[in-house]
Number of protein chains: 2
Amino acid sequence: MPPLYTKIIKDNHLSNTKSRRTLFKILNQQSQPVSIRRIVNNALPFMNKSTAYRILNVFDEAGIINLTYAGWKQTVELSDTFKGHHHHISCIDCGQIIAFEETHDLVEQLRLVSLKYQFKATSHSLELRGICAHCSQNIT
Amino acid sequence: MPPLYTKIIKDNHLSNTKSRRTLFKILNQQSQPVSIRRIVNNALPFMNKSTAYRILNVFDEAGIINLTYAGWKQTVELSDTFKGHHHHISCIDCGQIIAFEETHDLVEQLRLVSLKYQFKATSHSLELRGICAHCSQNIT
DNA sequence: ATCCATGCAAAATGTTTGCAATAGA
DNA sequence: TCTATTGCAAACATTTTGCATGGAT
């Protein structure tokens, strides 16, 4: 288990249980954000359905996971703490989701927006949708 | 009914039914993105539950609505065609959602990201979360 | 008249809850 | 030991589907 995981569990006064470690591993295996359904299904052989949902809630409150979005679908992935701060580009053709890090200039633009509305921003998310390089070459 | 609505219905070879007009009006009354549940509940006195869901799907395919997101919650609103292109700032304290238009500079930064990944972007969404001006003044 | 859209009821899917049993600190 | 967590079953909520009826073009 990553030291960071153990630390967060401890800091939040949570039990370091087998089910939670298992669910964390499942989340950690994903190369892209995936649906809650998929996570729950993957967890099903190892724990009860309700346990999986409960752990997802606990992980959310502890900031271990983030909800992200790919078009219509709500997806989940490990939080910035584990994955680093990033955003997603999703291909509407092949469904692939690519992560990208924001540039300094982009952050600056977002800061200006917050400033304009006298808004203390604590987080933000950004998603680009379109056709990826691979799919635009293979016109079907 | 807005001429634009009638045109989209016609262009997509859809029937201009009472239920669809009613659901459009309900969507049009909302000052913020709202949950699907709320839309369905508002529609319930006027049509069947399954009709409401079916219309939401049809409206999505026809580009009449957009799904948006406010934190954990999936929400729906009329598309850019009706509301104009914009993004959302949501207050994690009072729950208010403020719409803002993107600046030229912000668009330019997004264009650079797409360019970097050789990605043909067709749409994008952006959400800022934090504390709104009003809530940061009224510290509870 | 023809076909699309709707209502209804039922199924399928997704999520939460109460309580007893169990495992972690 | 003591409390937090889990399993189980059942409730609850959300969404989809098949088919007969009704409405729109």
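Each chain gets a letter, A, B and so on, in the order the sequences are listed, and its residues count up from 1. Quick caveat, the model's predicted, so the values are computed rather than measured. Just so you know, these numbers use all the heavy atoms, side chains as well, and skip hydrogens, waters and symmetry mates.
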(request) Would you state whether a donor and an acceptor, one from the side chain of B:Ser50 and one from the base of C:dC8, lie under 3.5 Å apart? (result) yes
(request) Report the distance from atom CZ of A:Arg20 to atom C1' of D:dT6, rounded to the nearest whole Å. (result) 10 Å
(request) Go through D:dT15, C:dA5, C:dG7 for me and flag the one nearest to the B:Ile36 side chain. (result) D:dT15
(message) Is B:Thr17 close enough to C:dT6 that one of its side-chain N or O atoms is under 4.0 Å from OP1 or OP2 there?
(response) yes
For residues 111-122 of chain A, please give each side-chain donor-acceptor pair under 3.5 Å, one per line with the distance, not counting sequence neighbours.
from, atom 1, to, atom 2, distance (Å)
A:Arg111, NE, A:Glu108, OE1, 3.2
A:Arg111, NH2, A:Glu108, OE2, 3.1
A:Ser114, OG, A:Leu110, O, 3.4
A:Thr122, OG1, B:Arg129, O, 3.3

(request) Find the distance B:Asp60:CG to D:dT16:P and express it as a whole number of Å. (result) 11 Å
(request) Give the nucleotide from the list D:dT15, C:dT16, D:dC8 with an atom nearest to the side chain of B:Tyr53. (result) D:dT15
(request) Would you mind reading off the distance between B:Asn57 atom CG and C:dC4 atom C1', rounded to a whole angstrom? (result) 16 Å
(request) Among the candidates D:dT6, D:dA4, C:dG14, find the nucleotide nearest to the side-chain atoms of A:Arg37. (result) C:dG14
(request) Map B:Lys49 and B:Ser15 onto DNA chain D by nearest heavy atom, then report which one ends up closer to the 5' terminus. (result) B:Lys49
(message) Could you tell me how far apart A:Arg21 (CZ) and C:dA25 (P) are, to the nearest whole angstrom?
(response) 8 Å
(request) Determine whether the side chains of A:Ser50 and A:Asn48 contain a donor N or O and an acceptor N or O closer than 3.5 Å. (result) yes
(request) Spell out, as yes or no, whether a donor-acceptor pair under 3.5 Å connects the side chain of A:Ser136 to the backbone of A:Ile131. (result) no
(request) Grab the CE-P distance between A:Met47 and C:dA23 for me, whole Å please. (result) 15 Å
(message) Without decimals, in angstroms, what is the distance between B:Asn16 CG and C:dC3 C1'?
(response) 16 Å
(message) At 4.0 Å (heavy atoms only), tell me whether B:Arg54 reaches a base, stays on the sugar-phosphate, or touches nothing.
(response) base
(request) Give the rounded distance in Å between these two atoms: NZ of A:Lys10 and C1' of C:dG24. (result) 13 Å
(message) On the nucleotide C:dT6, are OP1 or OP2 found under 4.0 Å from the side-chain N or O atoms that B:Ser19 carries?
(response) yes
(message) Output the rounded distance in Å from CG (A:Leu44) to P (C:dT15).
(response) 13 Å
(request) Would you confirm whether A:Asn12, through its side chain, and A:Leu14, through its main-chain N or O, come within 3.5 Å as a donor-acceptor pair? (result) no
(message) Quick one about B:His134 and B:Gln96 (side-chain donor to acceptor, distance below 3.5 Å, no hydrogens or angles considered), yes or no?
(response) no
